[in-house]
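Sequence positions, counted from 1, serve as the residue numbers for this chain.
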Amino acid sequence: MTTDTAAPTADTTTVRRPHAWIWAALAGIVSAATLLAIAELFAALVARSASPVLAVGSFIVDIVPRPLKELAITLFGETDKIALLVGVGLGAAVAAAVAGVLQYRFRPVGAVLVGIGGVLATVAIITRAGAGALAWLPPVLGTIGGVAVLILTIARLKRWVAAAEDRDGEKARTSRRQFLLLTGLTAVGAVVVGVGSRILNATTSSVAAAREALRLPAPRTTVTVPEGANWEIDGLSPIITPNGDFYRVDTALTVPNVDPTTWRLQIDGMVDTPVELSFDDLVNMGLNEYGVTLTCVSNEVGGSLVGNAIWTGVPIRDVLRMAGVQSDADMVLSESVDGYTASTPLSALTDDNLDAIFAVAMNGEPLPFEHGFPVRMVVPGLYGYVSATKWVTKLTVTRFDKDEAYWTPRGYAAQAPIKLSSRVDTPKIGAPVPAGTVVIAGMAWAQPVGVQKVEVQIDNGDWQETQLSTPINDQSWVQWRLEWAAEAGSHYIAVRATDKDGNLQIQEQAPIAPDGSSGWQRTLVTVS
Ligand SMILES: Nc1nc2c(c(=O)[nH]1)N[C@H]1C(S)=C(S)[C@@H](COP(=O)(O)O)O[C@H]1N2
Ligand SMILES: [Mo]
């Protein structure tokens, strides 16, 4: 757009005035890119958690109101985190472009704005849980670099514009070249350094090696999946959810890296003696296996935010006993390394008949990073957000009237038992099935008492009892199946479960907030 086509040096008519605002906006973006690149570089070197984009993203995760968060999850599904980061990036780019223009027009306003942005990012970084002592360094160095780039590039741009306005062709070309050279090289450098550092930061974690090397003591008791527990039916969920297929829900933008050799679990609050355990201390208390189905409060009727695994761990009650819980306490606030908290009724953790555990392994391997490595909680019968804290490092014994957890001020109940539920896995809505014998099958769960029966209703017919697979235990879901002589046409299939206490699944529909969805799933099947 500003190319002076093979212009003879003396011909002043070819000196064109640059599109200064566009170049200023670009310089602003390059300045922000420099800020981020320097910060990422030093984050990779001295403080891995000090990435400005991630810190600002995490800050946004924490402050966005619940309806927006739900919208984000429904719009973007499991990619909501990537969508958020892209959004943060685009927002930063627009702000940086504005800062560039302001610096050009009203010096030094743009530089001051970039400085303020850097300070805010620094605050977002150092106030996050788990921020190290050097966490301020990357964003501060980045901010200095970003401000310097903005001041220098805009100064060159001004020289270029001034020369063009003076119709001084020689000077205009020189200053133009100097501006483009500085801006271009800085841009390339920022992209190379920034992307390289982020990749370095994300891929060279010593924790991955620590997980590979981890050898856990053999569990003293194991869970065997009984004969008849798992039917292999097309479309039906397996009774044990493979780790790679297990749903993931958390507020962590990047998965926390926790080194088991430096990990500590602290128990304090309303206890006789605060306790601190290392990873070895914990596993040396003796490991057992437990089959437990985990469910998210955000699971809609018929949804897939539920999975079942064999967890290896240590009962939480044994650890609480070491600390000695005071009699007027009624809640345990568990906290993860990234500051997330959950409020669990004390009784759910101390009950001798319910095995709430600190889990260290999932389906026979150390916890995957996304599922809480090295230690997470698993509590039968409670939704994950009030019990299943991943990357757990601290328990505070307290009271519901004294403390609250992450989701409590964000529209979810402080206490939330999992609602008795059933779901149709096959046939799937929208996938036509041929007429004849069709197997209708799905899953049902009723922690902590177990599923007594599952019934299916086709169109407006009678409720028919289905066949249940052999349960692993009462804390694990079961499969159910029913053979159906399907005739051509559209049919509704409804399902409902009853637990072993005789409670029928709630028919009334409820949304996921504040304490979990309810309603009988009804799906439409086309038989051809
Ligand atoms: N540290 C941490 N732990 C957490 C959460 C979180 O956001 N951060 N989310 C909870 C929620 S809402 C659920 S449903 C379960 C999900 O566990 P999963 O991702 O292993 O399936 O983790 C729980 N533990
Ligand atoms: Mo959840």
Side-chain angles (χ1 to χ4, degrees), residues 1-42 52-53 88-122 138-198:
M1 63 197 84
T2 56
T3 37
D4 34 7
T5 40
T9 43
D11 185 359
T12 50
T13 57
T14 63
V15 179
R16 269 198 265 148
R17 203 181 170 287
H19 297 281
W21 290 40
I22 294 176
W23 289 115
L26 208 73
I29 293 172
V30 171
S31 137
T34 307
L35 187 160
L36 295 177
I38 295 177
E40 289 294 346
L41 175 65
F42 283 92
V53 178
V88 171
L90 287 179
V94 170
V98 170
V101 171
L102 288 175
Q103 176 70 6
Y104 175 74
R105 191 76 182 74
F106 308 105
R107 192 167 42 179
V109 173
V112 170
L113 279 185
V114 172
I116 291 174
V119 168
L120 291 179
T122 308
V140 166
L141 292 179
T143 304
I144 293 170
V147 168
V149 164
L150 188 65
I151 291 173
L152 290 175
T153 50
I154 296 295
R156 287 191 176 188
L157 176 62
K158 287 204 165 225
R159 235 176 294 144
W160 173 17
V161 173
E165 278 172 353
D166 290 348
R167 307 205 145 251
D168 180 340
E170 183 60 42
K171 193 162 172 246
R173 267 184 296 279
T174 315
S175 46
R176 168 173 167 269
R177 193 176 330 111
Q178 285 175 343
F179 169 78
L180 291 180
L181 208 62
L182 177 65
T183 314
L185 286 182
T186 312
V188 172
V191 170
V192 170
V193 169
V195 172
S197 305
R198 179 100 290 274

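A distance of 15.5 Å separates NZ in K171 from CZ in R176, rounded to the nearest 0.5 Å. Residue L26 holds its CG atom at 9.0 Å from CD1 of I22, rounded to the nearest 0.5 Å.
Taking both residues in full, the closest heavy atoms of S175 and W160 are given as OG-CA, 3.2 Å, listed atom of the first, atom of the second, then distance. Here the closest heavy-atom approach between residue A37 and residue V193 is recorded as O-CG1, 3.8 Å. The nearest pair of heavy atoms linking S31 to G146 is OG-O, 3.1 Å. Between P52 and A121 the shortest heavy-atom distance is CB-CB, 4.2 Å. What you find for T122 and P139 is that their closest heavy atoms are OG1-CB, 3.4 Å.
A heavy-atom distance below 4.5 Å is found between the side chains of V188 and V192. Looking at L36 and V53, their side chains come closer than 4.5 Å, going by heavy atoms from C-beta outward.
The salt bridge (charged side-chain N to carboxylate O under 4.0 Å, His left out) search around R159 returns none, not counting sequence neighbours. The side chain to side chain contact (heavy atoms under 4.5 Å, CB included) test applied to A155 returns no partner, not counting sequence neighbours. Partners of E165 according to the side chain to side chain donor-acceptor pair (under 3.5 Å) rule, which considers only residues two or more places apart in sequence or in another chain, are R17.
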Scan the side chains in residues 147-154 for donor-acceptor partners under 3.5 Å anywhere in the protein, sequence neighbours excluded, and list what turns up.
{"residue": "T153", "atom": "OG1", "partner": "V149", "partner atom": "O", "Å": "2.7"}
{"residue": "T153", "atom": "OG1", "partner": "L150", "partner atom": "O", "Å": "3.2"}

Without placing hydrogens or testing angles, list every side-chain donor-acceptor pair under 3.5 Å for residues 105-113, not counting sequence neighbours.
none

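The aromatic rings of W23 and F179 lie perpendicular to each other, with more than 60° between the two planes, well past the 30° mark.
Listed by first and then second residue, the salt bridge (Lys or Arg N to Asp or Glu O under 4.0 Å) pairs involving residues 27-41 are E40-R198 (not counting sequence neighbours).
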Criterion side-chain contact (heavy atoms from CB on, under 4.5 Å) on V161 and L157, from CA distance to verdict: CA-CA 6 Å; V161 173; L157 176 62; 4.3 Å; yes

